Amino acid sequence: MKWSQSRWVLGLILVSLSLSSVQAQEKGRVSLVLGTKGSPFYQSLQCGAMARADELGLDLSVSAPNRFAADSQIPVINAVAATQPDVAVIVPTDMQALVMPVRQLAQRGSQIITVDQTLADTSLVETQILTDNEEGGRMAARQMAELLADGGKVLVITQPPGSIAQDARTQGFEAQLGTQAGFDYLGAQYQANDPQKAAEIVTSTLSAHPDLAGIFATNDQGAIGAVTGLRQAGALGRVKMIAYDAASAEVAALKNGAIDALIAQDPAQEGRVAMDSAAALINGETLPATTLTDIVVLTADDPAQADQYEYQADCL
Amino acid sequence: MTTTTAEAPTRRDTGDLLFRTLTGGWIFLLLIVLLSIFLVLRPEQFGSAYNVQQLTINAAIFLVLAVGQTYVIISAGIDLSVGSVLVFSSVVSSKLMLYLAGDGGTSFGTTDAGWGIILVGVAAAVLAGMAWGLLNGFLIAVARIPALIVTLGTMGMALGGAQILSDGVDVRAMPERLVNDIGAGSIAGIPVLVLIAALCVVVAGIVLHKTRYGLQVFAVGSHIEAARRSGIAVNRRLISVYALSGAMAGIAAVMANARFGTTTINGHVMDNLTTISAVVLGGTSLFGGAGSVFGTVVGVFIPIILLNGFVIMGIPPFWQTVAMGAVLILAVWVDQLKRRLRKRG
């Protein structure tokens, strides 16, 4: 048994050696560290990046932590730092805790690009690729006013405080809603990427406020749970539903009328822009401090546009 | 007990000794094999001083948590609350240090709190952790509620408590000395976090394997009624074991604050399962009564080295998850085989 085991190990070593010799070409080496595994958003970003990296002739490797949390992501970043890529494209999962690991990455000779999220210390970062989350929240509030001409009671379902992007969406929404007459804001309720919790929030809010008019969910998990809660309470369609992101489940809900509008980002575009920026850095160009990518409002009237923006991992 | 293998080698023949080293040290062999594979494949990346240092730093916090978990599991219990107690202690400690430094308003960056304030913060973290541990131990030993339920309950209570204290927003202002000298500092080239972890491991190992207290912990986990009848204060031992696990989580909380430069309320969700699987990987029986601190150290390093090596080699993320799960099952299966063989022969 010992003997066959060691032969197996030897075989593994040989296979991997042959793989590694293929990699060792003179191309720009780029590492992409996503926010978490298995999220349609980041997979779509990954697909956009992989396609563009192919076109540009970059040697791209992608990794991701198990959870969207600093303690889960830092070991991954450390391992990437050990490979010393020319450019590291990072989705920092915490704006402060990731500063030190990213600084080490930079000290080991990698140029840094951040995508989707930001760092507290941007002096290390060549460019940040972002969307305007606060504007996205305002767009949601304006859309709510279009759906509810007479206003009404509105609930927000978001992540617990601390996620900069989702906090900004909520703030933008609250600020814009405050300027619109007739709306009665019920405040924000928290779910931590847990559709079950979001469903409970919706059903119990409906018990307290049967005349609830609208819900804004700041991410896909909240949206999926909220739709479940509305269906459970028989309030689908009666309560207007706007959600952030365009995960497949959300787009399906948009098409069958459970969701009235989606505020979609374009993760594939973020991935492409990240690779363009990486190539530019390798060629010695300098980049603007921030590059904003698009956000759009998707409605059921335009299913073709919804399909186009749906977060899809079409390359995996 | 069963794990102090080095006691009577003369009585057995050499074949038995070889058998024991091969099986008993199986998980250690796996670690060596993993290290060699990655070293052969990516020598200059995996074997770099930088990478080795990062590996040990990434292991440091888990080592401290897993040592406490080892005591608990050897006593035939389980502690699901370690991650939440870590978060709670880190919030208590950082809030207190922020208050003492008189720098309440800032949400980012560092404070210039001195070592006195940091010491108070450390004490607060350890005491807060120990308090949760004492509660766990009391409910398990005296109120006779199953450990799984008690620590599942306190897992939620501690996390909720941390969120209440902090309004769910991470405390961002840490003392600069804590972050620079402990989180990022090193003594004679060895990171301070690693030194702290090593100290905890060595002390805990000596206490567990070389003192009467340690022997009694094994006895309680082996057969609680027999331990009671032979005059061991079973309840006090059980309570002390959970208090130790809580205190270790408090130490780990200080280390986490120092390392991340912020509390990490939304992290540490899987710390309980990470430490339990490390302890089990290290050959400690989930039914109590057998195990070792050294095994746990090996068990902590295996997933960390796997993750590091996989990322360096560019293995796709989903396959990493599959491989790590498979290694856990494989290791425990071999461990079971080993036990069965030993029972028979």
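Residue numbers start from 1 in every chain, and the chains themselves are labelled A, B, ... in the order their sequence lines are given, proteins ahead of strands. This is a predicted model, so every value here is computed, not measured.
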*Asks:* Could you look at B:D167 and say if it's the side chain, the backbone, both or neither that has a heavy atom under 4.5 Å from chain A?
*Replies:* backbone
*Asks:* Checking heavy atoms, do the side chain of A:V80, its backbone, both or neither come under 4.5 Å from chain B?
*Replies:* both
*Asks:* For A:Q128 and A:T290, does a side-chain donor sit closer than 3.5 Å to a side-chain acceptor?
*Replies:* no
*Asks:* Would you call the rings of A:F41 and A:Y311 parallel, tilted or perpendicular, taking 30° and 60° as the class edges?
*Replies:* perpendicular
*Asks:* Apply salt bridge (Lys or Arg N to Asp or Glu O under 4.0 Å) to A:R52 and list each qualifying residue two or more places apart in sequence or on a separate chain.
*Replies:* A:E55, A:D276
*Asks:* Highest number of heavy-atom pairs under 4.5 Å with chain B: which of A:A81, A:P101, A:S31?
*Replies:* A:A81
*Asks:* Kindly compute the distance separating CD1 (B:I57) from CD1 (B:I190), expressed to the nearest 0.5 Å.
*Replies:* 11.5 Å
*Asks:* Is the closest side-chain donor-acceptor distance between A:N219 and A:Q191 under 3.5 Å?
*Replies:* yes
*Asks:* Counting only non-hydrogen atoms closer than 4.5 Å, does A:N78 touch chain B with its backbone (N, CA, C, O), its side chain (CB onward), both, or neither?
*Replies:* both
*Asks:* Assess the side chains of B:T275 and B:Q69: does a donor N or O sit below 3.5 Å from an acceptor N or O?
*Replies:* yes
*Asks:* A:R29 and side-chain contact (heavy atoms from CB on, under 4.5 Å): which partner among A:L58, A:I282, A:V87, A:T83?
*Replies:* A:T83
*Asks:* Is it the backbone or the side chain of B:T321 that comes under 4.5 Å from a heavy atom of chain A, or both, or neither?
*Replies:* both
*Asks:* Name each donor-acceptor pair under 3.5 Å that joins a side chain in residues 302-310 of chain B to protein atoms two or more places apart or in another chain, with its distance.
*Replies:*
from: B:N308; atom 1: OD1; to: B:N51; atom 2: ND2; distance (Å): 2.9
from: B:N308; atom 1: ND2; to: B:N51; atom 2: OD1; distance (Å): 3.0

*Asks:* Strictly by disulfide (SG to SG under 2.5 Å), give each pair with a member in residues 31-76 of chain A just once, sequence neighbours left out.
*Replies:* A:C47-A:C315
*Asks:* Counting heavy-atom pairs closer than 4.5 Å to chain B, which one of A:Q84, A:M100, A:K37 comes out on top?
*Replies:* A:K37
*Asks:* May I ask you to list the residues in residues 64-77 of chain A that approach chain B closer than 4.5 angstrom, counting heavy atoms only, ordered by number?
*Replies:* A:A64, A:N66, A:R67, A:A69, A:A70, A:D71, A:I74, A:P75, A:V76
